[in-house]
Amino acid sequence: MRKTTKETLENNLSKAQAYVKKLQKQLEAALEKETVAADKLTAFELKATEEANKAAANPNKVNKTAAIPFRQLAIADLGQRVSQNWATKFSAMQIPQVNQSDVMTKAVGMATLIRESEQNAANKKTNTDELTVVNKQINEAVSQLKRNLAAIYPANSLSGIYQNYGLTANTRKTHDLPLDNTARVANITVLVNKLQEVGNPLAQLPNFNLRQWLQWQQEHKRLWEESNFLREEKSRYVAEIEVLNQTLRNDLKIIYDYIPFIHTAQQVKSIRRQLGFLKESF
């Protein structure tokens, strides 16, 4: 009987130990997943910072930009050529639903929008480069700001002090300005307002002082507003060019398809080429 009781106890102990091991493995797996997730978030932040630093370190580097819309430019070119040839070589030709001067207006307007769109893209690249440089300067100033605050205030109160200056905790549990530029504008305002308080010990330092922060604030805000405007303009250009592209292509197709109705079969290819249709598709 004692032996049976002993075996039972040993068996229960073995089961309990196995259950404890199972729980430990589950806990380790959960911790590992949490660590992986945290590492991914940190990697995203590090990548964004590294890209900004690389761009600032080499501002003359030529970055890839969106390709020029060659097909749309070709349609605008074709529209001007066909309209011009229609006016000079076939001035008496009448085509239902299509007007020669209207085709020219659309073609010229589309070509103008494409050129403006290309300039907008160039301006956006310049803006991005300048914004990267200013953000790098701001990041360096934040690092110095934290060192200055750490030299003045006790370590156990620094988290609250940093927040008073607009610095927020990130996934690495350090305090910085947000990477997002919209949020950064708001937090820089908090920081500058704090520096403007009467008797602030950091406002009149030889470097990284209030005057410099006001300059960075103004420049960053200006560049970010310009960035938003340029992106809005890009969307406008894309939409307006696409509308003209569709209507102009439709006009050109009507012209192309109507030629057989007003000229003999032997003349069709020649008339189309004289108008400027050097390809069968466009």
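Excluded from the calculations below are hydrogen atoms, water molecules and symmetry mates; all remaining heavy atoms, backbone and side chain alike, are included. These numbers come from a predicted model, not from an experiment. Throughout, residue positions are numbered sequentially from 1 according to the sequence presented.
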Smallest heavy-atom separation, G276 atom then N85 atom, equals N-ND2, 3.7 Å

Exercise for the section: Is it possible for you to say whether I254 and L244 belong to one hydrophobic cluster, with membership spreading through side-chain heavy-atom contacts below 4.5 Å? Expected result: yes

Report task. Step by step, work out the salt bridge (Lys or Arg N to Asp or Glu O under 4.0 Å) result for K194 and E197. Result -> CA-CA 5 Å; K194 186 65 179 177; E197 290 181 356; 3.2 Å; yes

| message | I'd like to know if the side chain of N139 and the backbone of N135 have a donor-acceptor N/O pair within less than 3.5 Å. | response | yes

* Between R249 and K253, is a side chain to side chain contact (heavy atoms under 4.5 Å, CB included) present by the stated rule, with each step listed? -> CA-CA 6 Å; R249 284 175 67 91; K253 190 175 188 308; over 6 Å; no

Quick check against the 3.5 Å criterion: does Q267 have a side-chain atom that pairs as donor or acceptor with the backbone of T264?
yes

(message) If hydrophobic clusters are built from ILVMFWY residues whose side chains come within less than 4.5 Å, do Y256 and L278 share one?
(response) no

- Query: Is it true that the side chains of N228 and E232 contain a donor and an acceptor less than 3.5 Å apart?
  - Reply: no

Salt bridge (Lys or Arg N to Asp or Glu O under 4.0 Å) pairs touching residues 260-277, sequence neighbours excluded, are none

Residue pairs passing the ring-ring contact (aromatic ring centres under 6.0 Å, His included) test with at least one member in residues 177-213, sequence neighbours excluded, are W213-W216

Residue pairs meeting ring-ring contact (aromatic ring centres under 6.0 Å, His included), one or both in residues 166-186, sequence neighbours left out, come to Y162-H175

Hits for side-chain contact (heavy atoms from CB on, under 4.5 Å) against S91, two or more places apart or cross-chain, chain-then-number order -> none

Quick check: is L167 connected to L179 through a chain of hydrophobic side chains (ILVMFWY, heavy atoms under 4.5 Å apart)?
no

Sub-4.5 Å side-chain heavy-atom contact between S227 and T128: no

| request: Measure the shortest side-chain to side-chain distance between Q119 and E116 over non-hydrogen atoms and say whether it is less than 4.5 angstrom. | output: no

dist S143:OG -> I138:CD1 (nearest 0.5 Å) comes out at 12.0 Å

(request) Evaluate the side-chain proximity of L214 to Q218: yes if any heavy-atom separation is below 4.5 Å, no if none is. (result) no

Residue set satisfying side-chain contact (heavy atoms from CB on, under 4.5 Å) with E226, at least two apart, ordered chain then number -> N127, R222, L223, L230

Output for pair (Y258 OH, Q97 CD), nearest 0.5 Å, gives 10.0 Å

Just checking, any donor-acceptor pair under 3.5 angstrom between side chains of Q72 and E242?
yes

### Query
Are Q196 and V192 close enough that some pair of their side-chain heavy atoms sits under 4.5 Å apart?
yes

#### Entry: Any F277 side-chain heavy atom under 4.5 Å of L78 side chain
yes

**Prompt:** So, T189 side chain and V185 main chain: donor-acceptor pair closer than 3.5 Å or not?
**Reply:** yes

Quiz item: Cut-off 3.5 Å, side chains only: do T132 and K136 have a donor facing an acceptor?
Solution: no

CD of E240 to OG of S235, rounded to nearest 0.5 Å, is 11.0 Å

*Heavy atoms, side chains only, cut-off 4.5 Å: are N187 and L191 in contact?*
no

Worksheet item: Do D176 and K146 have side chains that get closer than 4.5 Å, going by heavy atoms?
Response: yes

Item to complete: Could you tell me whether a side-chain N or O of K89 sits under 3.5 Å from a main-chain N or O of Q274, the two making a donor and an acceptor?
Response: yes

Show me, pair by pair, the donor-acceptor contacts under 3.5 angstrom made by side chains of residues 100-109, not counting sequence neighbours?
unit_1	atom_1	unit_2	atom_2	d
Q100	NE2	S83	O	3.2
Q100	NE2	S83	OG	2.9
S101	OG	N99	OD1	2.5
D102	OD2	K106	NZ	3.4
T105	OG1	S101	O	3.0
K106	NZ	D251	OD2	2.7

Output for pair (T247 OG1, M110 CE), nearest 0.5 Å, gives 8.0 Å

_Backbone N/O of A122 and side chain of T126: donor-acceptor pair under 3.5 Å_ = yes

- Message: With no hydrogens and no angle check, just 3.5 Å: does a side-chain donor-acceptor pair link T174 and N170?
- Response: yes

Please say whether more than 12 non-hydrogen atoms of neighbouring residues, nucleotides or ligands are located less than 6.0 Å from NZ in K221.
-> no

All heavy atoms of A76 vs all of A111, minimum pair found to be CB-N, 3.9 Å

Under 3.5 Å, is there a donor-acceptor pair between the side chain of D77 and the main chain of L73?
no

### Query
Under the 3.5 angstrom rule, does the side chain of N181 hit a backbone N or O of R184 as a donor-acceptor pair?
no

Tell me whether L252 is reachable from I262 by hopping between hydrophobic residues (I, L, V, M, F, W, Y) whose side-chain heavy atoms are closer than 4.5 Å.
-> yes

The reported gap from CD in Q163 to CD1 in I161 (rounded to nearest 0.5 angstrom) is 10.0 Å

Margin query: Applying a strict under-4.5 Å side-chain criterion to I, L, V, M, F, W and Y, I'd like to know whether L145 and L205 cluster together.
Written below: yes

Value for CH2 (W86) from CG (L275), rounded to nearest 0.5 Å, stands at 8.5 Å

### Task
For residues L195 and Y165, determine if any side-chain heavy atom of one lies less than 4.5 Å from a side-chain heavy atom of the other.
yes

What I want to check is whether the side chains of Q144 and N148 have a donor and an acceptor closer together than 3.5 Å.
yes

Closest heavy-atom pair, L149 versus L202, reported as atoms and distance to 0.1 Å, is CD2-CD1, 3.6 Å

Side chain N209, main chain Q204, donor-acceptor under 3.5 Å: no

